[in-house]
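Everything below concerns the one structure shown next.
Along the sequence shown, residues carry numbers from 1. Heavy-atom basis, side chains included; hydrogens, waters and symmetry copies ignored.
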Amino acid sequence: MQDSIKREITISSSKERIYEAIANPEMVTQWFPETLEGNYAVGEQPVFGFGEHGKSQVCVVAAQPYEYFAYRWVPGANHFLGDVLSVPNTLVEFRIEEQADGSCKVLLTECGFAALPADTVEAAFKQNSGGWEFMLGRLQKLFETS
């Protein structure tokens, strides 16, 4: 079983605008969770709402404006609410790299699958692997239409 998912997209926009789309609670709900409850800041554990797919608590672990944003969550648990750090979880990282042509590369990594319970790891990896393809496509479309 692989321990991490890696995805890369290129967006024709500034790294400041892309970072805002990832790290600003009012912007992230335009492409990722439908809702966000709580404080979306380092050290906080807000709740992402995914409509009929439930809610998932996350723990924001890093925010380095315009370059890096990361949180931990419990993959495959569509309804996990509670202290994310008290159970096996994965780390989701967004890195933004400016390119010579003015566009930016967005690198997503989700790692830590090997530490998940054996009975959930395969389904969680498969679900999130496809999920990130879909969600990063939505992030790209957000910039194509704005």
Closest approach of V60 and F69, non-hydrogen atoms and distance?
CG1-CZ, 3.8 Å
In terms of side-chain heavy atoms, does Q57 have a donor or acceptor partner in W73 at a distance below 3.5 Å?
no
State, with a plain yes or no, whether a side-chain heavy atom of L91 is found less than 4.5 Å away from one of Y71.
no
Side chain proximity check, E110 to P75, heavy atoms < 4.5 angstrom:
yes
Say whether R95 and T109, considering side chains only, have a donor N or O and an acceptor N or O under 3.5 Å apart.
no
Note: G112 and T90 closest approach over all heavy atoms is C-CG2, 3.8 Å
A124 versus L116, closest heavy-atom pair with distance:
CB-CD1, 4.1 Å
Name the atoms and distances for all side-chain donor-acceptor pairs under 3.5 Å in residues 40-48, with sequence neighbours left out.
unit_1 : atom_1 : unit_2 : atom_2 : d
Y40    : OH     : I22    : O      : 3.0
Q45    : OE1    : V84    : N      : 3.0
Q45    : NE2    : D83    : OD1    : 2.9

Pair K105 + E98: basic N to acidic O under 4.0 Å
no
Tell me the closest heavy-atom pair linking N89 and V87, and the distance in Å.
ND2-O, 3.0 Å
Heavy-atom nearest pair, S12 first then S103, reads CA-CB, 4.0 Å
How many angstroms lie between CG in L142 and CE in M27, if you round to the nearest 0.5 Å?
5.5 Å
Assigning hydrophobic clusters by single linkage (Ile, Leu, Val, Met, Phe, Trp, Tyr; side-chain heavy-atom cutoff under 4.5 Å), is F80 placed with L85?
no
Begin from the C-alpha positions of L107 and E97 and carry the test side chain to side chain contact (heavy atoms under 4.5 Å, CB included) through to its verdict.
CA-CA 8 Å; L107 301 119; E97 298 175 355; 3.3 Å; yes
Quick one: does E133's side chain get under 4.5 Å of R7's, heavy atoms only?
yes
Minimum side-chain heavy-atom gap T35-F50 below 4.5 Å:
no
Going by heavy atoms in the side chains, are V106 and I11 under 4.5 Å from each other?
yes
Please check if V61 and Y66 belong to a single hydrophobic cluster, counting links between Ile, Leu, Val, Met, Phe, Trp and Tyr side chain heavy atoms closer than 4.5 Å.
no
Side-chain heavy-atom pair V92, R72 within 4.5 angstrom cut-off:
no
Is M135 close to W132 at the side-chain level, that is, under 4.5 Å between some pair of heavy atoms?
yes
How many angstroms lie between atom NZ of K126 and atom CD1 of I5, to the nearest 0.5 angstrom?
12.5 Å
How long is the gap from CZ on F143 to CZ on R17, to the nearest 0.5 Å?
5.5 Å
How are the rings of F94 and W31 set relative to one another: parallel (under 30°), tilted (30 to 60°) or perpendicular (over 60°)?
perpendicular
Less than 4.5 Å apart, any side-chain heavy atom of E93 and any of L108?
no
Is it the case that the ring center of Y19 lies less than 6.0 angstrom away from the ring center of Y68?
no
Which distance, rounded to the nearest 0.5 Å, do you find between the NZ of K141 and the CG of L136?
11.5 Å
Specify the closest pair of heavy atoms between I18 and C104, including all atoms of both residues, with the distance to one decimal.
CD1-CB, 3.4 Å
